[in-house]
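In this text the structure is predicted, and so the values were computed from the model without any measurement. Letters A, B, ... are given to chains in the order of the sequence lines, protein chains preceding strands, and every chain is numbered from 1.
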Amino acid sequence: MKTPHGGWTGKILRVDLTTRKISEASTFDYVPKFLGGRGLGAKICWDEVPPEVGAFDPENRLIFATGPLQGTLAPTSGRFMVLGKSPQSAPTESFCRSGVGGHWAPELKWAGYDALIIQGKSSNPVYLWITDQKAEILDATRLWGLDTYQTQQMIWKLHGNKTRVMVIGKAGENRSRIACILTDTGDASGQGGFGGVMGSKNLKAIAVRGTGTVNVARPKELMEITHHVQRLFARKSLQSNPYEPDEKGFKTNIWGGGYGRGSLSLLPGELLDLCHDPSSGYSQTPDGCFACPVSCRSRVKGTDVTSGVAFCAQSYMYLESMVHQPEKGYSKITWQAAKLGDLLGINAYELMAIIPWLSDCYREKLITEEDTGLPLNEIGSWNFITKLLHQIANREGFGDVLAEGGQRAAAKLGGKAEKLSRMYYPRAGKFAGFREHWVYLGGFPTGYAVPPLALMWALDNRDAMVSHSYISMLWGAAFAVGQNALTAVPEKIFPLLKPVMKAAYGSEEAAEFFRPDGKSLNWKWTAPVVKRYHEHSLLKDSYILCDILFPYLFNANSADHVGDVTLESRIYCAVTGMEMSPEESYSKGETLCTLERALAVRDGRRRQDDTLHDLYFEKEDAGGRKYRREDLERSKSEYYRLMGWDAKTGIPAKPTLQRLGLNEVAEGLEKRGLIGSSS
Amino acid sequence: MTTEVERRTVLKGFTLGLFGLGSVASLGSLLEVLTFPNGQKVALARGVILVDKSLCSGCRICEMVCANFNSGGRNSASLSRILLEKDYLRGDYQPKVCHQCADPPCLKACPVTALQVDRQKGTYARVIDERACIGCQKCVEACQQFFRPSRPRFDVQKHRTVKCHLCFGDPQCVKFCPLGVLRVERSERGLLVGYPVIKED
């Protein structure tokens with residue numbers, strides 16, 4: 001196999017913290033078969049993290065994997081993946097991934113590494129310093145206990161402020177299962193709880209600075225496609241004269257915020273008012289991840305608020321404060337709460353389940369202020385959130401229970417408290433523990449049921465983050481017909497979605513997710529759509545591109561609104577100089593999806609774990625329709641059949657694994673008696 | 001409402017820039033060619049990149065497109081001729097461009113006259129002739145006395161110094177900047193910009 005001309009740097013760095021041995025391996029042992037990112041990490045986990053290893057065991061691997069596109073001009077290529085056995089997955093610890101944006105990934109590539117594998121456990125607090133082809137394990141005794149901003153400032157003093165740092169806060173140090181790893185002021189690996197894994201290895205931070213290069217095989221082609229993507233996603237001026245910015249009349253299809261405004265601009269209140277007043281000293285400006293033409297995040301500066309960047313999970317973390325102080329709306333407290341979470345290194349998305357769940361439990365008199373030591377009658381206040389976050393980060397009192405994650409805490413309380421938590425943690429079975437994306441699994445905030453989203457939620461190994469781009473499409477279509485988040489009505493968008501779904505999934509009918517009578521949901525196209533969608537997602541997470549923009553399904557600015565699902569592979573071809581036809585890319589996606597499934601299966605996941613709580617089948621959506629369990633089960637069977645997995649158990653069949661070139665996976669499953677040797 | 005405010009900010013930034021340049025241009029008509037004590041004449045640049053840093057989102061596309069376009073697909077911030085200096089905690093992002101100085105310290109420092117004025121492309125940008133450059137980094141030192149970080153940059157792999165040459169008249173960073181932070185100012189009479197008008201930034 002000839003070595004690709006561009007993309008990968010060719011080396012994987014392995015750091016054993018127990019023996020303090022640092023070694024290198026060739027990336028080309030894994031790629032291009034496993035591409036990078038999620039595929040690469042899954043393969044490493046398959047080889048090195050058997051089900052017997054617990055998330056906090058020294059043998060667990062903490063993998064930071066970039067893909068072929070990182071460190072180049074490729075649009076939205078600032079991302080990388082953190083992978084390993086997740087402590088947050090509940091009740092069974094299992095393989096999970098977490099994507100991070102920001103500016104850390106290109107530095108790792110420029111330092112000469114495609115991925116970083118951390119194993120073992122240091123006897124004293126350390127941090128890792130990686131620069132141009134070398135790595136060092138350095139003492140971090142004086143960094144231990146500092147918040148995430150302070151730690152980064154100390155490291156910038158030592159290694160220069162061009163160094164990018166992945167760092168854990170108090171929560172990670174105390175092995176919270178909901179601890180994040182933060183970089184810069186707001187980008188974090190949240191879901192999965194990998195901050196706790198980093199803490200369990202006594203690793204405080206990973207500082208990276210690279211001055212090398214990443215080669216692009218076809219630079220001119222990359223520039224052409226980047227310009228094309230910018231024209232699709234960003235300002236209209238790119239369609240006309242680049243020197244005359246003019247954004248009038250341009251419709252964005254970016255989920256969660258208009259182009260160039262930042263996600264916070266959707267949340268009116270005290271803070272935004274201050275930011276709009278030029279004399280106040282506050283400002284809210286769009287902030288971009290590396291090489292991103294969209295810049296959807298908000299960067300907030302102000303005289304008495306913690307400056308920094310936030311995207312939706314952080315911005316929306318403490319909306320209870322808006323209820324508590326309705327006259328202020330989104331206030332300084334809401335912002336400061338999010339930033340306190342970042343400083344302590346707690347996953348904001350998980351707090352979005354824990355806080356409302358505590359509120360529910362308090363209302364039902366299941367917990368009291370005395371037991372918990374929390375001012376529960378003033379949820380939404382600054383007093384409550386500081387106490388809560390510090391308790392969680394330090395594992396004090398009731399915070400010790402909550403630091404285990406909402407679902408584990410609920411299981412510990414049991415009874416009605418556990419039942420109440422199901423509203424926030426939709427997946428039933430042994431592989432759950434991740435919060436839902438707003439009402440009805442995230443299709444419409446107004447609460448409309450969308451069958452493919454239910455299936456995605458049932459099948460994923462974390463929250464169905466993959467559904468982001470699908471939701472971008474639904475929302476983009478809603479915005480295009482003049483609806484907003486509170487007035488969205490699905491019927492109105494079906495005509496827009498028909499050509500879109502025809503182009504992406506081969507059927508106009510797939511656009512109609514309920515039947516013409518409006519009474520029952522249409523599950524007919526759910527399984528094929530989700531299969532293709534998963535293939536796209538795996539590709540996107542392995543090349544690594546943005547969750548929200550790719551796959552590009554819906555174009556808000558063309559007449560027929562048809563997106564372009566080949567963009568990712570075209571970018572990949574330009575960067576690496578390799579070929580990737582659509583068929584090949586789907587087969588690649590299928591391979592990686594099956595590999596992830598095999599990992600989950602090895603950890604004990606079966607068909608019965610791919611399901612949602614009863615609650616989700618009992619409730620009617622805003623249009624009076626229900627998800628029905630038998631429909632979900634039928635779609636699951638069809639999905640397994642399409643993927644070549646056993647429909648009874650959900651285990652990938654041996655011929656499928658062999659067809660996809662995953663022979664070692666087949667052997668591994670066979671050795672554990674999970675697939676028959678004859679089948 | 002928001003767009004109005006933003007457009008106003010943009011226009012204000014540009015007007016202020018133009019205002020400054022207005023006086024420059026009038027001076028420029030007198031001083032199209034600067035003469036140095038050693039008798040060397042340097043024609044004024046006819047184009048320059050202007051920055052409105054208040055709009056910058058810090059995405060670094062300018063850096064990547066520069067390296068990709070000018071260094072044969074070797075993507076790296078260390079090879080970019082435009083530099084994005086970012087203070088992440090304070091949220092202060094500053095794209096640092098080559099000012100194509102009226103009295104270029106780099107040009108005067110070059111011992112092998114590899115640094116020249118690009119008359120061929122009509123931009124009159126201060127460019128480095130790659131074939132002549134010996135990689136002594138004298139231009140880097142000269143620039144650093146006034147502008148930090150230095151705008152000419154050292155390409156370690158090729159052992160040559162590289163600097164902004166306005167991409168033959170169509171600067172790619174300007175073309176690709178998604179937020180319109182950068183723009184090109186052009187004048188046939190030449191622009192009196194950079195050193196000695198601005199002595200640091």
Side-chain angles (χ1 to χ4, degrees), chain A residues 6 71-75 78 103 106 110 149 152-153 161-162 184-185 210-220 222-223 226-227 230 233-235 237-238 242-243 245 247-248 258-261 265 276 278 283 285-295 297 299-301 307-309 575, chain B residues 1-3 5-11 14 52 54-79 83-93 149 154-157 170-172 174-186:
Chain A
T72 73
L73 171 67
H103 294 260
W110 295 334
Y149 279 26
Q152 292 187 77
Q153 282 172 302
N161 64 2
K162 299 237 172 203
D184 298 329
T185 57
T211 59
T213 60
V214 176
N215 291 340
V216 168
R218 302 202 283 259
K220 197 160 164 266
L222 179 62
M223 285 180 69
T226 303
H227 200 267
Q230 284 202 1
F233 288 149
R235 63 177 177 177
S237 59
L238 285 173
Y243 306 120
E247 285 148 22
K248 266 191 198 143
Y259 154 75
R261 291 193 292 156
S265 59
H276 284 163
S283 68
T285 35
D287 193 282
C289 291
F290 183 83
C292 176
V294 173
S295 304
R297 309 173 304 163
R299 174 169 89 241
V300 170
K301 285 189 265 186
S307 300
V309 164
V575 170
Chain B
M1 270 309 280
T2 4
T3 23
V5 172
E6 277 169 14
R7 275 188 63 78
R8 205 177 304 148
T9 323
V10 176
L11 290 171
F14 286 169
D52 181 351
S54 66
L55 298 174
C56 181
S57 79
C59 69
R60 304 180 81 178
I61 284 180
C62 51
E63 292 188 315
M64 296 325 293
V65 78
C66 179
N68 189 57
F69 184 74
N70 292 311
S71 291
R74 284 181 296 148
N75 281 229
S76 170
S78 61
L79 285 176
L83 294 97
L84 188 47
E85 290 292 296
K86 294 179 74 172
D87 182 330
Y88 285 83
L89 281 191
R90 294 205 354 251
D92 186 22
Y93 304 160
F154 190 58
D155 180 345
V156 184
Q157 288 170 2
D170 182 18
Q172 298 298 308
V174 177
K175 194 171 170 184
F176 278 76
C177 175
L179 284 142
V181 174
L182 308 170
R183 63 186 288 264
V184 190
E185 183 58 39
R186 291 194 174 91

Q. Between A/Ser307, A/Cys292, A/Gly78, which has the largest tally of heavy atom pairs under 4.5 Å with chain B?
A.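 The answer is A/Cys292.
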
Q. Counting heavy-atom pairs under 4.5 Å to chain B, which of A/Gly288, A/Cys289, A/Gly308, A/Ala217 comes out on top?
A.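 Of the options given, most contacts go to A/Gly288.
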
So for [X], is it side chain, backbone, both, or neither that comes closer than 4.5 Å to the heavy atoms of chain A?
| X | result |
| --- | --- |
| B/Leu89 | both |
| B/Phe69 | both |
| B/Glu63 | neither |
| B/Cys62 | neither |

Q) Which bit of A/Ser283 is near chain B, if near means a heavy-atom gap under 4.5 Å: side chain, backbone, both or neither? A)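 Contact with chain B is absent: no heavy atom of A/Ser283 under 4.5 Å.
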
Q. Which bit of A/Gln152 is near chain B, if near means a heavy-atom gap under 4.5 Å: side chain, backbone, both or neither?
A.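 Neither part; nothing is under 4.5 Å.
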
Got [X] and [Y] here, is their nearest side-chain heavy-atom distance under 4.5 Å?
| X | Y | value |
| --- | --- | --- |
| B/Asp87 | A/Asn161 | no |
| A/Val214 | A/Trp110 | yes |
| B/Met64 | B/Phe176 | no |
| B/Pro178 | B/Cys59 | yes |

Q: State which residue, out of A/Thr285, A/Thr185, A/Asp287, fulfils the side-chain hydrogen bond (donor to acceptor under 3.5 Å, both in side chains) condition with A/Arg297.
A: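 Between A/Arg297 and the candidates, side-chain hydrogen bond (donor to acceptor under 3.5 Å, both in side chains) is satisfied uniquely by A/Asp287.
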
Q. Checking side chain to side chain contact (heavy atoms under 4.5 Å, CB included) for the pair A/Leu73/A/Val216: CA distance, chi angles, key distance, verdict?
A. CA-CA 9 Å; A/Leu73 171 67; A/Val216 168; over 6 Å; no

Q) With respect to chain A, which residue among B/Ser57, B/Gly91, B/Ala67, B/Ser78 yields the maximal number of heavy-atom pairs within a distance under 4.5 Å? A)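 Greatest number of close heavy-atom pairs with chain A: B/Ser57.
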
Q: Find the one option among B/Ala77, B/Cys56, B/Ser71 whose heavy-atom pairs under 4.5 Å with chain A are most numerous.
A: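 Between B/Ala77, B/Cys56, B/Ser71, the count favours B/Ala77.
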
Q. Under 3.5 Å, side chain of B/Arg74 to main-chain N/O of A/Thr213, donor-acceptor pair present?
A.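 Between the backbone of A/Thr213 and the side chain of B/Arg74 there is no qualifying donor-acceptor contact (under 3.5 Å).
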
